[in-house]
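Just so it is clear, the structure is predicted and the values come from calculations on it, not from any experiment. By convention here, the first residue in the shown sequence is residue 1.
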Amino acid sequence: MSVDQTKGLQEEEKDDYTFDKVPAEKRNMGWFSVTNITFGIATAIFYFQTGSVMALQYGAMNAIISAIYAIVIAGILGTVIAYLSAKSGMNVNLMSRQGFGYIGASLTSLIYASNFIMYCAFEGMILVSAVHAFFPAIPLWLLIIVFGSIVIPLNWFGIKQLDKLQKWSLPIFFIFLIAIIIVAANIPSQFDGHFWTYMPEGVQIGGTGLLLCIGMQHGIMGLTALIASDYARFLKPKDIKLGSIMIGFIPQIFCFGVMGLLGIWFGVRLAESNPGVYIVTILGLGGVAFTLLTQLRINVTNIYSASLSLSNFFENVFHFKPDRHFWVVVSAVVSIALMLGGILDYLGSAMTFQGVLLMAWAAILVTDALVVKKLLKIGPKEYEARQEKLYKWNPVGVAPLIISSVLGTIAGLGYMGTFLQNTATFFAAILASFLTVAIAVYTKGRYYSKAPEEIKVKRKKEKERKSPTFTKEIPVE
């Protein structure tokens with residue numbers, strides 16, 4: 001690499017704007033480039049796995065209906081959040097500072113980071129399983145360390161590097177995908193009949209089966225909607241309207257519709273739910289290469305978003321402010337530790353808990369922007385992320401998140417009946433929206449931003465605290 005190229009990449013890495021909004025002159029990415037980056041999320045074969053599992057356990061049609069539901073709800077949430085991010089130049093971590101308070105928002109940053117690290121571990125284990133199936137002589141622990149570490153250099157130079165990686169790898173992904181579909185279509189099906197008619201014994205269309213499928217979709221829907229903000233903030237102003245729709249809906253259509261539907265088809269046709277097994281069975285070494293490509297595409301975005309969130313959390317709470325590279329390494333190391341600890345054994349419980357937290361957070365952000373600020377005219381129109389102008393806590397965001405997450409988790413564990421157990425995430429999101437409006441009306445927007453007088457007093461106290469002590473002269477009588 002030449003000196004000029006190295007210098008250019010070093011300049012690009014500084015443009016991640018972890019702690020502040022992206023300045024207007026840096027919002028220079030077209031909607032296609034930004035959508036292309038978020039497309040890395042949509043091409044993960046984790047969606048194969050959820051589609052296959054839902055079809056084999058609860059019936060293909062229930063899985064298909066839940067996919068349509070996921071596209072619509074996650075698409076709407078993703079579009080609104082992408083629009084807010086593009087207009088403000090902030091991601092959801094920074095946008096949350098005003099509605100939650102700068103310390104309150106650190107809770108969402110930690111939740112966000114833990115989700116991305118956990119999904120990085122889930123995706124990493126799919127890759128490790130596929131490689132191990134083809135090369136059983138290689139120890140699992142070694143594969144985990146190797147593939148868990150490779151995302152570090154791929155994330156080193158920030159969003160510009162991600163754009164290049166996703167852009168050049170996308171055509172290769174589609175070539176592999178078409179090859180897998182063609183080969184699988186020529187393999188005798190394990191099910192006689194059209195795949196969408198498959199229904200396990202004792203299961204019917206609708207009812208509990210459908211609710212369970214929707215519950216599984218909730219585990220990832222909030223994440224796919226929120227992650228758009230990490231990239232939409234770089235959109236060109238002229239691309240905001242079209243770009244928000246493209247970023248909000250296209251990845252959702254592909255991940256839940258295309259990848260999810262293919263997962264249903266593969267699962268029913270091959271009578272297998274693990275894509276790490278059936279992709280290698282279909283294409284052999286080519287299947288290993290395809291799995292490697294898809295999982296690296298998704299995990300570089302997982303680590304990128306995790307590093308931004310960890311940076312925000314530690315800067316807010318502990319004033320610990322290393323650069324993003326430090327958090328890239330930390331995120332990757334924690335992900336490796338989770339893989340070594342057998343994270344896939346807790347997949348169902350983790351997805352339920354994550355779904356409740358993330359959908360509640362997304363619901364609060366959207367309700368705050370569209371209902372509280374726009375409709376009710378409560379609170380400032382512009383987002384603010386600077387600590388000196390914000391309170392530590394804002395009950396408008398913090399209280400709904402805590403209450404809805406606790407009650408949603410209790411419901412998800414089955415303590416509020418079967419119906420709420422299967423709709424815990426949806427219940428938490430509705431409750432969070434209602435509480436956001438109620439608390440905003442009650443507090444009259446008091447805790448969104450400090451008044452100018454309060455800021456002046458704070459600055460004066462800080463100046464006095466930093467100035468050296470002095471002895472007051474005593475007049476001589």
As a quick check of understanding, evaluate side-chain hydrogen bond (donor to acceptor under 3.5 Å, both in side chains) for N93 and S109, giving each step before the final call. CA-CA 6 Å; N93 290 306; S109 295; 3.0 Å; yes

The test is side chain to side chain contact (heavy atoms under 4.5 Å, CB included); show your working for W361 and V92 and say whether it passes. CA-CA 9 Å; W361 181 18; V92 287; 3.7 Å; yes

Any chance you could lay out the ring-ring contact (aromatic ring centres under 6.0 Å, His included) test for F290 and F173, step after step, and finish with the verdict? CA-CA 7 Å; F290 175 74; F173 164 81; 5.6 Å; yes

Checking F48 against T294 for the side chain to side chain contact (heavy atoms under 4.5 Å, CB included) test, could you report, in this order, the C-alpha distance in whole Å, the side-chain angles of both residues, the deciding distance, and whether it holds? CA-CA 11 Å; F48 280 174; T294 59; over 6 Å; no

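The aromatic rings of F116 and Y112 sit perpendicular to each other, their planes meeting at more than 60°, with 30° as the lower class boundary. Under the 30°/60° scheme for interplanar angles, the aromatic rings of Y304 and Y231 are found to lie parallel. Using a 30° and 60° split on the angle between ring planes, Y119 and F46 fall in the perpendicular class, above 60°.
Listed for the T79 side chain is a donor-acceptor partner under 3.5 Å among the backbone atoms of G75.
Within 6.0 Å of CZ in F426 there are 12 or fewer heavy atoms belonging to other residues, nucleotides or ligands. For OH of Y447, the number of neighbouring non-hydrogen atoms (other residues, nucleotides, ligands) closer than 6.0 Å is 12 at most. Around the CZ atom of F174, the shell of radius 6.0 Å holds more than 12 heavy atoms that belong to other residues, nucleotides or ligands. Dense packing is recorded around CZ of F249, with more than 12 heavy atoms of other residues, nucleotides or ligands lying under 6.0 Å away.
At least one cation-pi condition fails for K87 and Y383: the charged atom is not both under 6.0 angstrom from the six-membered ring centre and inside a 45 degree cone around its axis.
No donor-acceptor contact under 3.5 angstrom links the side chains of Q98 and E384, judged on distance only. Using modelled atom types, one finds a donor on one side chain and an acceptor on the other under 3.5 Å when comparing S433 with T367. Using modelled atom types, one finds a donor on one side chain and an acceptor on the other under 3.5 Å when comparing S52 with Y278.
In summary, K389 and E382 do not engage in a salt bridge, as defined by a charged side-chain N under 4.0 Å from a carboxylate O.
Of all heavy-atom pairs spanning I214 and Y69, the tightest one is CG2-CE2, 3.5 Å. V128 approaches F147 most closely through the heavy-atom pair CG2-CD1, 4.4 Å.
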